[in-house]
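Residue indices begin at 1 and follow the sequence shown.
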Amino acid sequence: MSDDETLAGLLHAFVEVELRGALTLDDAYACKVKYLGKKGLLTELSRTLGSLAPEQRRARGQEINEAKAAAELAYEARCAALKAEAEARELGVFEDLTWIPPTPPGTLHPVTRTRRALERVFASMGFDVVDGPHVEWARYNFDDLNIGPDHPARDMADTFFVSPPAGSRWSPGDLVLRTHTSPVQVRTMLTRRPPIRIVALGTVFRRDDDATHSPMFHQIEGLCVDERVSMADLRATLYRFVSAFFERPLEVRFRPSFFPFVEPGAEFDMQCPFCGGKGCSVCKGSGWIELGGAGMVHPAVFEACGIDPERYTGWAFGFGIDRMAMLMHQIHDLRLLFEGDVRFLEQFPC
Ligand code: PHE
């Protein structure tokens with residue numbers, strides 16, 4: 001073994017083996033004596049200097065001194081660490097307080113996932129995604145949508161009214177929790193000029209609560225306004241949408257219906273995406289699944305929003321996002337979606 005190897009080996013043994021193994025200050029001191037004491041292993045090396053030629057002696061002496069200084073530093077560092085550990089033990093601090101326990105990653109709620117998927121499909125079809133407030137003017141939620149003061153939907157039994165702040169100039173009845181996403185139609189037509197193509201997705205509120213109704217649920221609204229827009233465009237759009245969403249061609253059908261803000265109005269169904277229309281348990285053998293309401297924007301709504309009904313036509317549709325999520329995941333009770341039970345939510349990993 002060369003002198004260099006001896007020196008490096010001794011330093012390594014002292015720092016990596018002896019000092020590391022020392023668990024008390026006394027142990028560490030004993031190591032120090034063993035290597036750096038008067039008869040220590042590193043000290044002994046200095047005694048061999050006498051046998052060297054003078055020029056070698058200087059260089060070698062310097063190396064040995066550097067190794068001793070490094071050993072001294074390592075000893076002090078080990079003592080400091082042992083003292084800190086002892087103090088922490090005394091304080092009862094055994095753990096690294098900066099350590100954050102690993103938490104299992106969360107996943108998106110099935111409704112959020114469905115909502116995002118809907119947004120993606122409509123955005124790819126050229127629709128802007130817009131938003132509206134949950135606390136809404138009764139005027140936008142009802143009046144401007146041609147839902148008159150005597151309409152049953154305005155009943156306390158159906159609608160959550162919001163008390164205006166004390167001392168404000170608003171009366172009870174002016175503010176509601178929106179009962180549908182259709183007020184976003186009004187907000188959009190008041191602030192944009194045609195051509196308009198938007199979808200609005202979000203939470204709505206009704207005084208309803210059973211296995212298929214929740215007082216808080218989610219809707220998507222679509223609105224298209226331009227010159228010469230027709231019911232055929234509406235149907236083609238819905239057809240394109242359901243086919244893109246379920247990744248297979250699916251028919252859409254209209255049934256005549258009434259909503260004050262559209263004329264003509266319809267409810268629309270899609271061919272069952274699970275059996276392709278043959279009939280299965282999801283569509284209860286009918287081959288069709290009810291989706292929502294739709295129709296041509298009523299001229300009274302255009303007038304309330306300052307859009308010329310002689311020049312423009314438009315269509316709108318609305319349907320429930322939660323029902324869509326239930327369909328996709330075969331969930332039979334709507335309330336499961338909103339109870340926040342981890343055992344339920346865990347069943348929807350990414
Ligand atoms: N807002 C209606 C509802 O909540 C749905 C709808 C939207 C109907 C647009 C026609 C046009 O039931």
**Q** Assigning hydrophobic clusters by single linkage (Ile, Leu, Val, Met, Phe, Trp, Tyr; side-chain heavy-atom cutoff under 4.5 Å), is M328 placed with F344?
**A** yes

**Q** Do M125 and I198 share a hydrophobic cluster (ILVMFWY, side-chain heavy atoms under 4.5 Å, transitive)?
**A** yes

**Q** Return yes if some donor-acceptor pair links the side-chain N/O of T188 with the main-chain N/O of V184 below 3.5 Å, else return no.
**A** yes

**Q** In Å and rounded to the nearest 0.5 Å, what is the CD to CZ distance from E87 to R89?
**A** 11.0 Å

**Q** N141 vs T179, test: side chain to side chain donor-acceptor pair (under 3.5 Å). Steps then yes/no.
**A** CA-CA 7 Å; N141 193 83; T179 59; 3.0 Å; yes

**Q** In a table with atom names and distances, give each donor-acceptor pair under 3.5 Å that connects a side chain of residues 241-250 to protein atoms at least two apart or in another chain.
**A**
unit_1: S243; atom_1: OG; unit_2: Y239; atom_2: O; d: 2.8
unit_1: S243; atom_1: OG; unit_2: L250; atom_2: N; d: 3.1
unit_1: R248; atom_1: NH1; unit_2: P273; atom_2: O; d: 3.0

**Q** Would a 4.5 Å heavy-atom cut-off, applied to side chains only, mark Y35 and L11 as touching?
**A** no

**Q** Decide yes or no for L177 and V162: does some side-chain heavy atom of the first lie under 4.5 Å from some side-chain heavy atom of the second?
**A** yes

**Q** May I ask you to test the R193-Y312 pair for a side-chain heavy-atom distance under 4.5 Å?
**A** no

**Q** When rounded to the nearest 0.5 angstrom, what is the spacing between CZ in F268 and OG in S257?
**A** 11.5 Å

**Q** Run H298 and V262 through side-chain contact (heavy atoms from CB on, under 4.5 Å) and show every step you take.
**A** CA-CA 4 Å; H298 197 291; V262 285; 5.7 Å; no

**Q** Determine whether E72 and K32 satisfy the following criterion, salt bridge (charged side-chain N to carboxylate O under 4.0 Å, His left out), listing intermediate values before the conclusion.
**A** CA-CA 8 Å; E72 195 75 50; K32 180 183 168 174; 3.0 Å; yes

**Q** Taking the side chain from D210 and the backbone from H213, do they hold a donor-acceptor pair closer than 3.5 Å?
**A** yes

**Q** So, the side chain of R115 versus the backbone of L201: is there a donor-acceptor pair under 3.5 Å, distance only?
**A** yes

**Q** Hey, is the main chain of F161 close enough, under 3.5 Å, to the side chain of T159 for a donor-acceptor pair?
**A** no

**Q** Do V282 and C275 come close enough that some side-chain heavy atom pair is under 4.5 Å?
**A** no

**Q** How many angstroms lie between CZ in F14 and SG in C31, if you round to the nearest 0.5 Å?
**A** 6.5 Å

**Q** Under 3.5 Å, is there a donor-acceptor pair between the side chain of R255 and the main chain of E267?
**A** no

**Q** At what distance, to the nearest 0.5 angstrom, does CG of L291 lie from CG of L238?
**A** 8.0 Å

**Q** Nearest 0.5 angstrom please: C272 SG to I289 CD1, how far?
**A** 4.0 Å

**Q** Any chance you could lay out the side-chain contact (heavy atoms from CB on, under 4.5 Å) test for D308 and F302, step after step, and finish with the verdict?
**A** CA-CA 7 Å; D308 180 3; F302 277 147; over 6 Å; no

**Q** Measure from the side-chain N and O atoms of Q62 to the backbone N and O of R58, and report whether any donor-acceptor pair falls under 3.5 Å.
**A** no

**Q** Counting only heavy atoms from other residues, nucleotides and ligands, does the tally under 6.0 Å from CZ of R253 exceed 12?
**A** yes

**Q** Locate the shortest heavy-atom distance separating L337 from P110; write the atom from each residue and the value.
**A** CD2-CG, 4.1 Å

**Q** Indicate yes or no for a side-chain donor-acceptor contact from D174 to the backbone of S171 under 3.5 Å, with no hydrogens or angles considered.
**A** yes

**Q** Taking the inter-plane angle between the rings of H109 and F338 on a 0 to 90° scale, is it parallel (under 30°), tilted (30 to 60°) or perpendicular (over 60°)?
**A** parallel

**Q** Nearest heavy-atom pair of W137 and R187: which atoms, and what distance?
**A** CD1-NH2, 3.9 Å

**Q** Taking the six-membered ring where the residue is Trp, are the ring centres of F317 and F122 under 6.0 Å apart?
**A** yes

**Q** Would you say the side chain of D208 lies within less than 4.5 Å of the side chain of S214, judging by non-hydrogen atoms?
**A** no

**Q** Applying a strict under-4.5 Å side-chain criterion to I, L, V, M, F, W and Y, I'd like to know whether M324 and I220 cluster together.
**A** yes

**Q** What pair of heavy atoms forms the shortest contact from A71 to L42, and how long is it?
**A** CB-CD1, 4.0 Å

**Q** Check whether more than 12 heavy atoms from other residues, nucleotides or ligands sit under 6.0 Å from atom CZ of R197, and answer yes or no.
**A** no

**Q** State whether a side-chain donor-acceptor pair under 3.5 Å links K68 with S46.
**A** yes

**Q** Which heavy-atom pair separates A28 from L82 by the least distance, and what is that distance?
**A** CB-CD1, 4.3 Å

**Q** Looking at P215, is its backbone amide N or carbonyl O close enough to the side chain of R206 to form a donor-acceptor pair, meaning the two atoms are under 3.5 Å apart?
**A** no

**Q** Would L118 end up clustered with M326 when hydrophobic side chains under 4.5 Å apart are linked, directly or stepwise?
**A** yes

**Q** Assess whether atom CZ of R228 is packed by more than 12 heavy atoms of other residues, nucleotides or ligands within 6.0 Å.
**A** no

**Q** If you count the non-hydrogen atoms of other residues, nucleotides and ligands that lie under 6.0 Å from CZ in R20, is the total more than 12?
**A** no

**Q** If you take all heavy atoms of A138 and V176, which pair is closest and at what distance?
**A** CB-CG1, 4.2 Å

**Q** Begin from the C-alpha positions of R60 and L7 and carry the test side-chain contact (heavy atoms from CB on, under 4.5 Å) through to its verdict.
**A** CA-CA 10 Å; R60 182 68 182 153; L7 188 54; 3.7 Å; yes

**Q** Only one of H218, Q219, E136 clears side-chain hydrogen bond (donor to acceptor under 3.5 Å, both in side chains) with T181; which?
**A** Q219

**Q** Are L345 and F217 in one and the same hydrophobic cluster, where Ile, Leu, Val, Met, Phe, Trp and Tyr link if side-chain heavy atoms are under 4.5 Å apart?
**A** no

**Q** Counting distance only, does the side-chain N/O of R154 pair as donor-acceptor with the main-chain N or O of I147 below 3.5 Å?
**A** yes

**Q** With a 6.0 Å cut-off on ring centres, are F160 and F205 close enough?
**A** no

**Q** Is the shortest side-chain heavy-atom distance between P309 and E303 below 4.5 Å?
**A** yes

**Q** Salt-bridge test for E227 and R311: reply yes if a basic N is under 4.0 Å from a carboxylate O, no otherwise.
**A** yes

**Q** Quick one: are L145 and V186 in side-chain contact, heavy atoms under 4.5 Å?
**A** yes

**Q** Please find the pair of heavy atoms, one from R78 and one from A22, that lie closest to each other, and give the distance.
**A** NH2-O, 2.9 Å

**Q** Would you say that more than 12 heavy atoms from the other residues, nucleotides or ligands in this model lie under 6.0 Å from the CZ of R116, or not?
**A** no

**Q** Surrounding CZ of R47 (heavy atoms of other residues, nucleotides or ligands, distance under 6.0 Å), is the total greater than 12?
**A** yes

**Q** Determine the sole option in L10, T43, L49 for which the side-chain contact (heavy atoms from CB on, under 4.5 Å) test with I64 is passed.
**A** L49

**Q** Is there a donor-acceptor pair under 3.5 Å between the side chain of R335 and the backbone N or O of D209?
**A** no

**Q** Ring centroids only, cut at 6.0 angstrom: are F348 and H329 within range, meaning strictly under it?
**A** yes

**Q** For Q330, look at atom CD and say whether over 12 heavy atoms of other residues, nucleotides or ligands are found less than 6.0 Å away.
**A** yes

**Q** CE of M296 to CH2 of W315: how many Å apart, nearest 0.5 Å?
**A** 9.5 Å

**Q** With the side chain counted from C-beta on, respond yes when V130 and R192 share a heavy-atom pair under 4.5 Å apart, and no when they do not.
**A** yes

**Q** Show your reasoning for whether side-chain contact (heavy atoms from CB on, under 4.5 Å) applies to M270 and E251.
**A** CA-CA 6 Å; M270 65 171 170; E251 277 306 327; over 6 Å; no

